[in-house]
Trainee: 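Sharing a structure below in structure tokens format, with a few things to ask.
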Amino acid sequence: MYQQINNPMGQPAICIKRIADNAFIPFDPANTDYAEYLKWLAEGNTPLPADEQPE
Amino acid sequence: MSNLKVNTINDASGGSAAVLYGVASPPNSMGFRNRIINGDMRIDQRNAGASVAVASTVFGYLTVDRWRVNNQTDGALTLQQSSVAPTGFNSSLLATITTADASLGAAQYCFLQQYIEGFNVGDLAFGSASASPITVSFWVRSSVTGTFGGAITNGAVNRSYPFNYTISAANTWEQKTVTLSGDTTGTWATNNTAGMTVFFSLGTGTDNSGTANAWAGAQRFSATGATNLVGTNGATFYITGVQLEAGTVASPFERRDYGRELAMCQRYYWKLDASGGTNINGNTYPLASLTTASVDLPVVMRASPTITSTVGGGTLTSSTGSTSTLVFVGPSGGFYLTAAAASIEL
């Protein structure tokens with residue numbers, strides 16, 4: 001299971017959070033964890049939405 | 001002054017391998033002969049020598065650096081860096097079977113492997129008519145005797161060369177050598193992705209076993225008929241001194257200094273040394289309600305890594321990394337890192 005991440009600087013997100021171990025996975029095609037995430041998405045899964053940012 | 005000019009120096013017994021001072025001089029003998037990293041199992045950043053359990057269907061980089069396990073059997077094992085080693089080595093990787101699976105299904109397997117980055121094997125010219133022969137040598141010791149198996153494959157594991165070797169005496173170190181012709185077909189990456197793989201099977205079903213000593217256009221982890229170590233509860237398997245080099249000669253294990261070997265491992269995995277010395281720079285941004293802390297990595301990593309961490313003083317919003325720097329983002333009140341790791345294994 002994964003969760004989307006808000007980029008605190010207001011820029012587009014550049015990583016996804018793997019909930020099982022709180023790992024932050026970058027959107028890099030050379031990263032095998034990212035490849036697994038894409039495979040998970042392709043199977044029809046959807047990540048949890050990002051937490052709301054503090055005011 | 002004498003001036004000696006020759007084109008080749010060959011051994012008197014024939015062939016092309018000259019022996020100087022009792023040591024065969026293989027191709028690429030001027031450095032980085034051994035394409036395997038941590039072949040002597042000295043580096044164990046993840047566990048510092050502690051044992052790790054590998055249950056059924058578990059896989060990943062769980063043990064000594066650069067070595068991956070994949071257990072798709074009904075059995076289980078432990079992996080641990082061991083001080084039991086042959087003369088000339090101080091460490092080995094020990095696999096101990098803790099739950100046996102004596103009757104493997106056709107699709108089941110358990111192996112140790114190392115992916116080699118394409119940059120480090122591109123000169124071997126696999127996938128072309130100029131493919132170089134290679135030689136794999138290693139030391140093994142097992143409580144079980146018999147014919148064991150392994151394989152050399154490309155990164156995608158769709159070109160495979162299964163091999164076997166015999167462990168003749170129980171609980172005795174033996175050095176094994178496998179020499180093979182380079183593969184002239186298939187796709188062999190020469191960039192920062194997986195270029196080549198070495199497998200040491202602990203038990204492989206028929207689906208992923210193949211004819212020994214021949215290239216096949218299929219996924220193979222072992223040679224047909226090899227011993228199923230996972231089938232024996234309590235069985236032990238030690239391995240060290242793993243070397244993969246160009247040519248047809250198994251030269252002596254290439255000794256690299258500890259700092260260099262550690263740095264080579266850190267291209268794929270880095271763990272924060274919480275005892276101090278790591279460069280951590282923090283900045284607070286009150287208007288954005290956040291604090292950032294950056295860590296300069298000691299070695300340029302293979303690609304942008306996956307980051308895990310444990311923090312005190314708050315919860316991280318995100319962690320991002322380039323090949324040279326990690327940036328942790330947390331609450332505006334600040335936080336501190338108690339553990340962190342970056343992984344970009346193949």
Trainee: Can you tell me how far apart OG (S319(B)) and CG (N22(A)) are? Round to the nearest 0.5 Å.
Mentor: 9.5 Å

Trainee: Can you confirm whether the side chains of N31(A) and T306(B) place a donor and an acceptor under 3.5 Å from each other?
Mentor: yes

Trainee: Is a side-chain donor-acceptor pair under 3.5 Å present for D21(A) with T308(B)?
Mentor: no

Trainee: Could you tell me the separation between the OH atom of Y115(B) and the OG1 atom of T32(A), rounded to the nearest 0.5 Å?
Mentor: 9.0 Å

Trainee: Contact part of P331(B) toward chain A, heavy-atom cut-off under 4.5 Å: side chain, backbone, both or neither?
Mentor: neither

Trainee: Nearest 0.5 Å please: distance from the CD1 atom of I307(B) over to the CG atom of D33(A).
Mentor: 11.5 Å

Trainee: In terms of heavy-atom proximity below 4.5 Å to chain A, should S304(B) be classed as side chain, backbone, both, or neither?
Mentor: both

Trainee: Could you tell me which residues satisfy ring-ring contact (aromatic ring centres under 6.0 Å, His included) with Y109(B), sequence neighbours excluded, listed by chain and number?
Mentor: F111(B), F221(B)

Trainee: Nearest 0.5 Å, please: how far is CG in L326(B) from CZ in F24(A)?
Mentor: 12.0 Å

Trainee: Of the backbone (N, CA, C, O) and the side chain (C-beta and beyond), which part of I25(A) lies under 4.5 Å from a heavy atom of chain B, both, or neither?
Mentor: both

Trainee: How long is the gap from CG on N6(A) to OG on S318(B), to the nearest 0.5 Å?
Mentor: 9.5 Å

Trainee: Checking heavy atoms, do the side chain of I344(B), its backbone, both or neither come under 4.5 Å from chain A?
Mentor: side chain

Trainee: Out of A13(A), A23(A), A50(A), P29(A), which one racks up the most heavy-atom pairs below 4.5 Å with chain B?
Mentor: A23(A)

